[in-house]
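Written out below as structure tokens is the structure these notes cover.
Each ligand, and each atom within it, is numbered from 1 in the order the structure gives.
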Amino acid sequence: MSNGHGASEEENMRHTRKSGSSSSQDPFLDERANASYIKTSWERCKDKHRISPQRKVELHTLTENEIREKREPLEQLLFDSAPILERVRRIAKQSGYSVLISDAEGATVKTFTDSDLALELQSKGIRLGTLWQEAIVGTNGLGTCLEENRPVTVDASDHYSKTLHSFSCSAAPLIGADGAVLGALDMSTFASGNRMTQALALNFVTETADEIEALIFRKAYRSQYVVSLTDSFHATTSLIAFNEAGTIVAATTPALLQLNCRNRYDLVGKNFKDAFNISIDKLTEASPLIHRFLMNGQEYQYQMALNATPLQSQPRQPSILHSPSLPPARSALNTSHQKLFEAAGEDPALLQQAKRCTRIIDKGLSVLLQGETGTGKEVWARAIHDASDRKNKPFVTVNCAAIPESLIESELFGYGAGTFTGGLKSGKIGKIEASNGGTLFLDEIGDMPTELQARLLRVLAESEIVPLGEVKPVPVDINVICATHRDLEHYVSKGDFRKDLYYRISMFKVALPSLKDRDDKRHLVHKILDGLKPGDAPISLSPRAEEALTNYPWPGNIRQLKNVLQYAVCMSDGERIQLDDLPDEVFKPCDADIVPDLPEAHSDHPGSSYSSSERERLIATLEQNRWIVTRAAKALGVSRSTLHRKIKMHGLLLEPQES
Ligand SMILES: Nc1ncnc2c1ncn2[C@@H]1O[C@H](COP(=O)(O)OP(=O)(O)OP(=O)(O)O)[C@@H](O)[C@H]1O
């Protein structure tokens, strides 16, 4: 699996988080033993990034929009791990640290700067929006952690550039349920000369990152069997998931390290019984149990505990079960198609579309996903990618509506060194090149400026790009999936979208229905609700609340349903959601709702009375949410790009935001 930095899975796993079985259990000694990464990083800075240690580092800070854009993929992780992060925040405050969370490319997307030193650290660059890529600033906590894909401490003169010698930073990668690096967690302070303190910070960020990984893992695999391996040192972050057929589908980093696996596939894909020499029945009968087993010639003894029966989705409706037009049962399907069928839920028409979709995967046909905002277009795009031969290569999203028109070109094509004043000195790789070998998901393709449509068409036809300011073409091998909420054929007939590009991107079309038109609303409600309470007993719904949820028209579709359920879980007593735990728009559905996708005629005429009531609602919601678009979009049940579009349409100016 790629970590987005070109390191292979094997290389990644070799960089152990802790020192595995050879660990001294002494954070200070372990940290020193691993410090060879500083040497490797310095060599990279000199030979690969060609940075001089004497050069004064210029920290690049992202704009508000760029920060929002980069934080989006981490929103779910931040939401799920909020209680853990709150603890980190408290400890950092007491001990004089700033906490930074970056995306996988080293952009700081979230900070906790409550300690006494925080303001001073902030003024020196330890703040929201700073880019910590090693290629830009040299050896540093976040950048080197991501480059090496392991926890690191970079203290004082460990930093490559003298400009950063006053800092001491410890960072650990944040790993998703499928093993992909999602970002990194860092604790930084002023260097004090006390390496022991920093070794403790390293231990703390590592254990926290493990805890977050385990939380995400349990949630992602809650419908599978999950076994935890426990010994006196490792609590419950060492997890292994396997499916009903007994095939191991995933494992957390601590589990892989504990078992000295060189890479994920030393375990994933194997049969659980064969790998651990224990039958699932035995484990089910006596869980937990102390089990001794041999793996790769080494003997281990761990306490193994199996989760309670995996959470099953709601039983199927008998009428659906017996429908002769349905595709075969999911268990009989290729497991790589599982996510696609999960996205289709239990809606017969969608299941048919999913089945047709499986036939075109890896056949070189472009896919166009059409549907209103929040209907799951990105979920489908990811599911198609995951079902393809490209699944271990990057999946890169570009939201053509969320990027200012003037930046789309450089975002897509990248630019060479020194092309722009204010651009990165080393140049920037574009999203097309970043998705090489994998999938490029062009969301809101209908918003792509016409001049760029011609360039995109050329890329698709010639499979090469020329970054801005460069002359040499770069070959690319990408699968493009496009999505839109617009009627693109209508746009083509009006001359607003190129006909040739339309045919090139829409060889296979998937129409995603609005939530109100889906036949499996009840199933979706329960499925999403189950996903909101990882590890805990599932929360139930009172019949009246369930009825209100299934009868509501859901203008913001599945996204709105998910937000409403998140709200209701918080409002409930933790066991059962009652009718009055639902937000007003569902509880009292007569309230005027924002309509996420206005008919085109209205969008072009913001002065109509319909639009003016929408404008008022927009302003009120934005005000309530301190003009933080992500929060306002959540409250309205629309995507950020839809909200940005509407803000633009109604001529509302955005004020600066804080994280
Ligand atoms: N089948 C599904 N089951 C559970 N959750 C889903 C499903 N489909 C979508 N979601 C959730 O709904 C939300 C919106 O999904 P997604 O971003 O894919 O929609 P979209 O159509 O791409 O929206 P937009 O056009 O606004 O970008 C996400 O939080 C996603 O996880």
Quiz prompt | Parallel, tilted or perpendicular: rings of Tyr502 and Phe497 (30°, 60°) | solution = perpendicular
Practice problem: State whether Asp386 and Lys339 are salt-bridged, where the test is any N-O pair (Lys NZ or Arg NE/NH1/NH2 against Asp/Glu carboxylate O) under 4.0 Å. | Solution: yes
Self-check item: Nearest-contact summary for atom 31 (O) of ligand 1 - protein heavy atom, Å
Solution: Lys562 NZ, 3.1 Å
Quiz prompt | atom 17 (O) of ligand 1: nearest protein contact (heavy atom, Å) | solution = Arg559 NH2, 3.2 Å
Quiz prompt | Per atom 19 (O) of ligand 1, closest listed option by heavy atom (Gly376, Ala401, Ala343) | solution = Gly376
Quiz item: Which residues pass the salt bridge (Lys or Arg N to Asp or Glu O under 4.0 Å) test with Glu86, sequence neighbours left out?
Solution: none
Quiz item: Atoms of ligand 1 less than 4.0 Å from Ile558 heavy atoms?
Solution: 5 (N), 6 (C), 7 (C), 8 (N), 9 (C), 10 (N), 11 (C), 12 (O)
Exercise. Mind checking whether Asn399 contacts ligand 1 via backbone (N, CA, C, O), side chain (CB onward), both or neither, at a 4.0 Å heavy-atom cut-off?
Key: neither
Quiz item: Starting from atom 20 (P) of ligand 1, which protein heavy atom do you reach first, and at what distance in Å?
Solution: Lys377 N, 3.4 Å
Quiz item: Who are the ring-ring contact (aromatic ring centres under 6.0 Å, His included) partners of Phe413, not counting sequence neighbours?
Solution: none
Practice problem: Determine whether the side chain, the backbone, both or neither of Lys527 has a heavy atom under 4.0 Å from any heavy atom of ligand 1. | Solution: side chain
Quiz prompt | Where ligand 1 meets Asp443 - atom numbers and elements under 4.0 angstrom, heavy-atom basis | solution = 27 (O)
Quiz item: Can you find a side-chain donor-acceptor pair between Glu372 and Asn557 that sits under 3.5 Å?
Solution: yes
Exercise. Find all atoms of ligand 1 within a distance of less than 4.0 Å from any non-hydrogen atom belonging to Glu372, and give their numbers and elements.
Key: 21 (O)
Exercise. Could you see which bit of Leu512 sits under 4.0 Å from ligand 1, with heavy atoms only: side chain, backbone, both or neither?
Key: neither
Quiz item: Is the closest basic N to carboxylate O distance between Glu378 and Arg559 below 4.0 Å?
Solution: no
Self-check item: Parallel, tilted or perpendicular: ring planes of Trp554 versus Tyr552, cut at 30 and 60 degrees
Solution: perpendicular
Quiz item: Going by heavy atoms in the side chains, are Leu457 and Gln453 under 4.5 Å from each other?
Solution: no
Quiz prompt | Nearest non-hydrogen protein atom, atom 30 (C) of ligand 1 | solution = Val379 CG2, 3.7 Å
Quiz item: Any idea which protein heavy atom is nearest atom 26 (O) of ligand 1, and the distance to it?
Solution: Thr373 OG1, 2.4 Å
Quiz item: When you look for heavy atoms under 4.0 Å from ligand 1, do you find them on the side chain of Asn557, its backbone, both, or neither?
Solution: neither
Quiz item: For residues Ser572 and Gln578, is any side-chain donor paired with an opposing acceptor at under 3.5 Å?
Solution: no
